[in-house]
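Counting convention: from 1, in listed order, for ligands and their atoms alike. What's counted below: heavy atoms across the whole structure, side chains too, no hydrogens, waters or symmetry copies.
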Amino acid sequence: MEIKKVGVIGCGLMGSGIAQVCAQSGYETVVSEINEELLNKGLGMIKAQLAGSVQKGRLTKEEEEGILSRLKGTTKLSDFNGCDLVIEAIIEKMELKKQVFSELDRICPKHAILASNTSSLSIIEMAAATQRASQVLGMHFFNPVPVMKLVELVRTIATSEETMDTVTKFSKSLGKEIIIARDTPGFIVNLLLIPFLLDAIRALDNGLASKEDIDSGIRLGLNHPMGPLTLLDFIGLDTAYYIACAMYEEFKDPKFAPPPLLKQMVTAGWLGRKTGKGFYDYRQEG
Ligand code: NAD
């Protein structure tokens, strides 16, 4: 099956990046949000990204116009009725994701593939909300999507070979490299990353060192591009919290339990870069 039109559900941090990359790679793309205000905010992030690329000489003005002409925003799921592939990128809550999958199953053409960008949740549970489990898989992109090369494809026990082949080809057409994982919480990358990030929060909370020294230790000692607390601010502390909760719920292993400090920061609305404050303060950056 050839993919021509792509749908993206959710135009937050990840959905906006996924929609941008799809439109940039020549696909007709439709992206949705829950209301006009959030849709305009998400589309605004894409426009700002593209304008930045034009300014830096990475894109021409004509290319920018071409990308924007292929990109359509909506607040109605019915606008996904012509899509060959829909990638869900809403918040990390299973009940909401299952609802979206069930509605997409009703709306999308029979041949359409439905993918989730979930970081940790069970793909087969979302597939079970549809009548097309063989055409459901995980497509786990990384943040920021236009920059990060990897897509982790998640294959359930029901995903067909044909679906895997089509989505592998599609992911490569976006300029991405793929890895394939089984449908277990956290897949490959987050299974290893999440305990590490939670340990960094515990170390800070226990007074081991300052946040700057914890980050510098990992950056300079292990040659990571950024330290774990800076990375948490990038990911979004709410998203990290939901992922940790989902993984703890599944494995019941204390290494996945969200530390109280993380929960407190989420409750306070300190969600990282997206709200201007997390472990670090970004409000001066605007
Ligand atoms: P986000 O909070 O920035 O964006 C989620 C968006 O989804 C919000 O704008 C929200 O309004 C919207 N939304 C909620 N319900 C919706 C619906 N029914 N229809 C349309 N839009 C809806 O979160 P994010 O960081 O973009 O995460 C989205 C997904 O991607 C999550 O499953 C997360 O686990 C996963 N993910 C996140 C990262 C990361 O680094 N943040 C990386 C990989 C995967």
Considering the heavy atoms of [X], write down every atom of ligand 1 situated less than 4.0 Å from one of them.
X	result
Thr118	32 (O)
Ser119	33 (C), 34 (O), 35 (C), 36 (N), 37 (C), 43 (C), 44 (C)
Leu38	11 (O)
Lys97	31 (C), 32 (O)
His140	43 (C), 44 (C)

>> Does the Lys NZ or Arg CZ of Arg273 fall within the cation-pi geometry relative to Phe234 - under 6.0 Å from the ring centre and within 45° of the axis?
In response: yes

Salt bridge present between [X] and [Y] (N-O < 4.0 angstrom):
X	Y	answer
Arg202	Asp205	no
Glu92	Lys97	yes
Asp238	Lys274	yes
Lys98	Glu125	yes

Quick one: look up the protein heavy atom nearest [atom] and list residue, atom name and how far away it is.
atom	answer
atom 18 (N) of ligand 1	Val100 CG2, 3.8 Å
atom 40 (O) of ligand 1	Asn143 CB, 3.4 Å
atom 41 (N) of ligand 1	Ile235 O, 2.8 Å
atom 19 (N) of ligand 1	Ile9 CG2, 3.6 Å
atom 24 (P) of ligand 1	Met14 CG, 3.9 Å
atom 4 (O) of ligand 1	Gly12 CA, 3.4 Å
atom 32 (O) of ligand 1	Glu92 OE1, 2.5 Å
atom 6 (C) of ligand 1	Glu33 OE2, 3.5 Å

> Hey, which of Gln264, Lys263, Met265 is the one that makes side-chain contact (heavy atoms from CB on, under 4.5 Å) with Thr267?
Replying inline: Lys263

Can you tell me if [atom1] on [X] sees more than 12 non-hydrogen neighbours from other groups inside 6.0 Å?
X	atom1	value
Lys149	NZ	no
Glu249	CD	no
Leu192	CG	yes
Glu212	CD	yes

Is there a heavy atom in [X] that sits closer than 4.0 Å to ligand 1?
X	answer
Phe141	yes
Asn117	yes
Ser32	yes
Gln99	no

>> I'd like the name of whichever of Ile34, Val8, Ile87 reaches closest to atom 17 (C) of ligand 1 through any heavy atom.
In response: Ile34

>> Name the residue from Gln135, Gln131, Arg132 that meets the side-chain hydrogen bond (donor to acceptor under 3.5 Å, both in side chains) definition with Asp105.
In response: Arg132

> What do we get for Ile90 next to ligand 1 when only non-hydrogen atoms under 4.0 Å count, side chain, backbone, both or neither?
Replying inline: both

> Is it the side chain, the backbone, both or neither of Leu13 that has a heavy atom closer than 4.0 Å to ligand 1?
Replying inline: both

> Between Asp215 and Thr230, is any side-chain donor less than 3.5 angstrom from a side-chain acceptor?
Replying inline: yes

